[in-house]
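Below: one structure, written as structure tokens.
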Amino acid sequence: MSYICLIANQNGIATAADSRLTFQPDALHLHLDRGRKVFSDQDQGLVWACCGLTIFGGVNYCWLTDHILRQKNRSLASRLNQISGVLSKATAAQHILSRSPSVFTLLLGQVKDCKVTVHVLDVVNGEVRRKTFAGPVFVQAGWDPSLRQSKPAVSAFEKDSLGQLIDRVKKRCMWAIRKDSELAAQDKKHRQTVGGSVRIAYVAIPQP
């Protein structure tokens, strides 16, 4: 599983992720460093990142999530419900087949009427958990807590420019990649699942 983070304030929303796709079974240590896990739709004021279950049963769930979220003729609530239903079935099936935890996380930021809302969707072994936050807010996800730095205080970023938010998420993702590389160097049994280049997406909030 990767590392993703999203940060939002009155100036915009920025998100970042690594680009490593790790394939089952774990013993093979197969990966591809060309995955895309961050997306944006400027017309809708949406930016999002996803990690965890990526490809299963011939379906790329990051791309499927992207396809669903771009359906502008539907409410955001209905699209999130569809994603929840699809990933609930997929993670439950993978959990049974692999006999190991199956997780999918979506961090979604929305700019509407110059206000920010952040949705967090976690699906674990078929169980769906959803949370919603009003900005300013910072959220992050990834399978290994040791690859997550402590959350910054709101006061540390609430007045940042969009460029500064982008810099923050990029640095946090780069830190997670370096940390996972260090763990792999120290322990040959450690599987480095965070890697590749850092990808970033963002959306600005129109200023009066």
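Every value quoted in this text rests on a predicted model; they were computed, and no experiment measured them.
Proximity of a side-chain donor or acceptor of Ser78 to a complementary backbone N or O of Arg74 within less than 3.5 Å is not detected. With Asp180 contributing its side chain and Gly195 its backbone, the two residues share no donor-acceptor pair below 3.5 Å. Under the 3.5 Å distance criterion, the side-chain polar atoms of Ser19 are matched with a main-chain donor or acceptor of Ser197. Not one N or O on the side chain of Gln140 forms a donor-acceptor pair closer than 3.5 Å with the backbone of Ser150. A side-chain donor-acceptor contact under 3.5 Å links Arg36 to the backbone of Val38. Judged purely by atom type and a 3.5 angstrom limit, Glu127 has no side-chain atom pairing as donor or acceptor with the backbone of Val124. For the pair Ser40 (side chain) and Val47 (backbone), a donor-acceptor distance under 3.5 Å is absent. At distances below 3.5 Å, not a single donor-acceptor pair connects side-chain atoms of Arg172 with backbone N or O atoms of Cys5. Between the side chain of Asn11 and the main chain of Asp160, a donor-acceptor pair closer than 3.5 Å is present.
Using modelled atom types and a 3.5 Å distance limit, the side chains of Arg130 and Asn81 yield a donor-acceptor pair. Arg79 and Gln82 share no side-chain donor-acceptor pair at under 3.5 Å. For the 3.5 Å distance criterion, the side chains of Gln44 and Arg70 fail to qualify, holding no donor opposite an acceptor.
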side-chain contact (heavy atoms from CB on, under 4.5 Å) between Val137 and Ile7: does it pass, once the steps are laid out? CA-CA 6 Å; Val137 63; Ile7 191 166; over 6 Å; no
Go through the steps to decide whether Cys51 and Phe104 satisfy the test side-chain contact (heavy atoms from CB on, under 4.5 Å), and finish with yes or no. CA-CA 6 Å; Cys51 69; Phe104 178 87; over 6 Å; no
Stepwise, does the side-chain contact (heavy atoms from CB on, under 4.5 Å) test hold for Tyr61 with Val86? CA-CA 9 Å; Tyr61 287 97; Val86 169; 3.7 Å; yes
If you apply the rule side-chain contact (heavy atoms from CB on, under 4.5 Å), what do you find for Leu106 with His119, and how did you get there? CA-CA 8 Å; Leu106 170 67; His119 303 268; over 6 Å; no
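Under the 4.5 Å side-chain heavy-atom criterion for grouping Ile, Leu, Val, Met, Phe, Trp and Tyr, Leu53 is connected to Leu97 within one hydrophobic cluster. Linking ILVMFWY residues whenever their side-chain heavy atoms come closer than 4.5 Å, directly or via other members, places Leu162 and Val198 in the same cluster. A chain of hydrophobic side-chain contacts below 4.5 Å, direct or via other Ile, Leu, Val, Met, Phe, Trp or Tyr residues, connects Val111 to Leu107.
Remark: Arg168 is not positioned above the aromatic ring of Phe138, lacking an NZ or CZ atom under 6.0 angstrom from the ring centre and at most 45 degrees off the axis.
Ion pair Lys37/Asp18 flagged as a salt bridge, since at least one NZ, NE, NH1 or NH2 atom sits closer than 4.0 Å to an Asp/Glu carboxylate oxygen.
One distance of note links CD of Gln192 with NZ of Lys179; it measures 12.5 Å at 0.5 Å rounding. Between atom CD of residue Gln94 and atom OG of residue Ser100 there is a gap of 6.0 Å, rounded to the nearest 0.5 Å. Here the CD1-CH2 distance, from Ile68 to Trp63, works out to 14.0 Å after rounding to the nearest 0.5 Å. Atom CG of Asp122 and atom OG1 of Thr91 lie 11.0 Å apart (nearest 0.5 Å). Note: Arg199 CZ to Thr15 OG1 = 13.0 Å, rounded to the nearest 0.5 Å. Atom NZ of Lys72 is separated from atom CG of Leu46 by 9.5 Å, given to the nearest 0.5 angstrom.
Looking at Thr193 and Ser2, their side chains never come closer than 4.5 Å, going by heavy atoms from C-beta outward. For the pair Pro152/Glu158, no side-chain contact is recorded, criterion being any heavy-atom separation below 4.5 Å from C-beta on. Residues Leu64 and Leu87 form no side-chain contact, since every pair of their non-hydrogen atoms from C-beta on lies 4.5 Å or further apart.
The local environment of NZ in Lys112 is sparse, with at most 12 non-hydrogen atoms from other residues, nucleotides or ligands closer than 6.0 Å. Environment of CG in Asp187: crowded, with over 12 heavy atoms of neighbouring residues, nucleotides or ligands closer than 6.0 Å. Within 6.0 Å of the CZ atom in Phe157, the count of heavy atoms belonging to other residues, nucleotides or ligands exceeds 12.
In summary, of the residues considered (Val116, Thr117, Leu165), a side chain to side chain contact (heavy atoms under 4.5 Å, CB included) with Ile13 occurs for Val116 alone. When each of Val120, Leu76, Leu121, Val139 is paired with Leu108, the side chain to side chain contact (heavy atoms under 4.5 Å, CB included) condition holds for Leu76 and for no other.
A pairwise comparison of heavy atoms in Tyr3 and Arg148 identifies CE1-CG, 4.1 Å as the closest pair.
Ring pair Trp48/Phe39 is parallel by interplanar angle, where below 30° counts as parallel and above 60° as perpendicular.
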